[in-house]
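A quick write-up on the structure given underneath.
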Amino acid sequence: MPKPSTSSEMRPASEWVVRFLHGIPRGGQVLDVACGSGRHLRLGLAHGYKVVGIDRDLAGVADLKGQPGVELIEADLEIGNPFPLRGRTFAGVIVANYLWRPILPDIVTCVAPDGVLIYETFALGQERMGRPANPEFLLNPGELVDAVRDRLVPIAYEHTTLSEPRRIVQRIAAVGHGHPWLKEPPRQPT
C-alpha cells in the first residue's frame, strides 16, 4: 500500500466518500475526477481498489506514479476537448470539490451499471462564506439529482451546511440500475 503524501495540502478523505465507498464492487476500478493531492485515490488503494486519477496537474499524486493498480491521466478537463474517458466505465466514480458542468453528463456515464457515483461539491450559499463565490462553480438546489436522473438512482442526497471548515455543499451517492443497493439499501452509519 502506498504511503500518503507528506504534502501540506493533504486533507482527510471526505466523510461522504468514506460513508459510501463500501458500495463500490470489490475488485473494481475507481475513478477520481480532479484528484488533486490524491486523498481519495489513496483511500481507494487502501481498500483494495485499482484507481484512476485525472487532473490537469498530477504533482500532488507524483508519488503514486508507477504503483501497481494506479493509472494517472494528466488532462485539463475545462478546455473544451472531449472527455478523455469516454467509452470507459468504472465501478466507482468519485468527485469532490469540483464542478465543471460541461463534463457532468460524461462523469455520470462513466458509472458502470452496478457502480456507484459519490459526488460532493460546493452549492449556492457558499458565496456568503468564502470561496468559491462564482456561481459557475456552485451547484443549484437539486442539480446533482437532476444530473443523474436518467441514468442512475440516488441512494442518498444532501444540500447542507458542514463545519470545519464551514461550507455549503451538495452531495449525492447514486448507483447504476444493476447495483445491489436497489434491493437492499445501505444502512445509516452508526
Side-chain angles (χ1 to χ4, degrees), residues 1-79 81-100 103-104 106-112 114-122 132 137 144 147-148 152 155-156 162 164-165 167 169-176 179 186 189:
M1 173 178 11
K3 293 187 179 202
S5 169
T6 57
S7 167
S8 61
E9 293 180 36
M10 185 63 67
R11 297 181 315 247
S14 157
E15 292 176 17
W16 190 255
V17 173
V18 170
R19 177 177 170 188
F20 292 102
L21 187 74
H22 72 280
I24 298 172
R26 283 276 159 222
Q29 194 172 45
V30 176
L31 170 64
D32 185 357
V33 177
C35 64
S37 62
R39 62 189 174 137
H40 297 119
L41 286 177
R42 296 169 205 287
L43 178 68
L45 278 173
H47 282 84
Y49 296 106
K50 294 175 183 167
V51 296
V52 177
I54 187 167
D55 206 310
R56 67 180 175 192
D57 179 0
L58 297 175
V61 291
D63 62 304
L64 297 177
K65 187 175 183 178
Q67 294 277 342
V70 177
E71 179 183 351
L72 300 174
I73 301 168
E74 190 168 350
D76 188 336
L77 300 172
E78 300 175 14
I79 61 173
N81 290 337
F83 188 66
L85 297 168
R86 278 191 184 157
R88 289 181 65 180
T89 58
F90 298 88
V93 177
I94 298 170
V95 186
N97 299 332
Y98 182 75
L99 175 63
W100 186 247
I103 66 167
L104 194 49
D106 292 309
I107 291 169
V108 171
T109 301
C110 279
V111 179
D114 64 343
V116 180
L117 171 67
I118 307 169
Y119 202 128
E120 174 183 52
T121 197
F122 300 101
F137 304 112
L144 283 178
V148 306
L152 304 174
I155 294 296
L162 300 175
E164 297 184 38
R167 64 208 184 276
V169 300
Q170 191 174 135
R171 49 197 191 175
I172 196 167
V175 299
H179 196 281

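Hydrogens, waters and symmetry mates play no part in the numbers below; they use all other heavy atoms, side chains included.
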task: Measure from the side-chain N and O atoms of Arg39 to the backbone N and O of Pro12, and report whether any donor-acceptor pair falls under 3.5 Å.
output: yes

message: Could you measure the distance from the OH atom of Tyr98 to the CD1 atom of Ile54? Nearest 0.5 Å is fine.
response: 9.0 Å

side-chain hydrogen bond (donor to acceptor under 3.5 Å, both in side chains) partners for Glu74, two or more places apart: none

message: Any side-chain to backbone donor/acceptor pair from Arg42 onto Ala13? Under 3.5 Å, distance only.
response: no

message: Within this structure, what is the CD1-CD1 distance for the pair Ile24 and Ile94, rounded to the nearest 0.5 Å?
response: 5.0 Å

field: Between CZ on residue Arg11 and NE2 on residue His40, distance to nearest 0.5 Å
entry: 8.0 Å

field: Shortest non-hydrogen contact between Gln170 and Leu144, atoms and distance
entry: OE1-N, 2.9 Å

message: Let me confirm one number: the NE2-NE2 distance from His47 to His22, rounded to the nearest 0.5 Å.
response: 10.5 Å

- request: Kindly give the heavy-atom pair with the smallest separation between Pro84 and Leu77, and that separation in Å.
  value: CD-CD2, 3.7 Å

field: Gap separating the OG atom of Ser14 from the CG atom of Leu43, nearest 0.5 angstrom
entry: 9.5 Å

query: Sub-3.5 Å donor-acceptor pair from the side chain of Asp55 to the main-chain atoms of Gly36, do we have one?
result: yes

query: What are the two closest heavy atoms between Ala91 and Gly28, and how far apart are they?
result: CB-CA, 3.6 Å

- prompt: Between Val70 and Val61, is any pair of side-chain heavy atoms under 4.5 Å apart?
  reply: no

query: What are the two closest non-hydrogen atoms of Phe20 and Ala156, and how far apart are they?
result: CZ-CB, 3.4 Å

message: Surrounding CD of Glu15 (heavy atoms of other residues, nucleotides or ligands, distance under 6.0 Å), is the total greater than 12?
response: no

field: Tyr49 side chain to Gly69 backbone, donor-acceptor under 3.5 Å
entry: no

statement: Rounded to the nearest 0.5 angstrom, the CG-CG distance for Leu152 and Leu117 is 6.0 Å

- prompt: Salt bridge check: are Glu120 and Arg19 linked by an N-O gap of less than 4.0 Å?
  reply: no

- prompt: In this structure, which one of Asp32, Ile107, Val30 forms a side-chain contact (heavy atoms from CB on, under 4.5 Å) with Val93?
  reply: Ile107

field: Minimum heavy-atom distance between Asp114 and His179, given as atom pair plus value
entry: O-CD2, 2.9 Å

query: Is any side-chain heavy atom of Val148 closer than 4.5 Å to a side-chain heavy atom of Val111?
result: no

query: Do Val51 and Leu64 come close enough that some side-chain heavy atom pair is under 4.5 Å?
result: no

query: Crowded around Arg88 CZ? As in, over 12 foreign heavy atoms under 6.0 Å?
result: yes

query: Looking only at heavy atoms, which two atoms of Arg56 and Asp76 are closest? And how far apart?
result: CB-CA, 3.8 Å

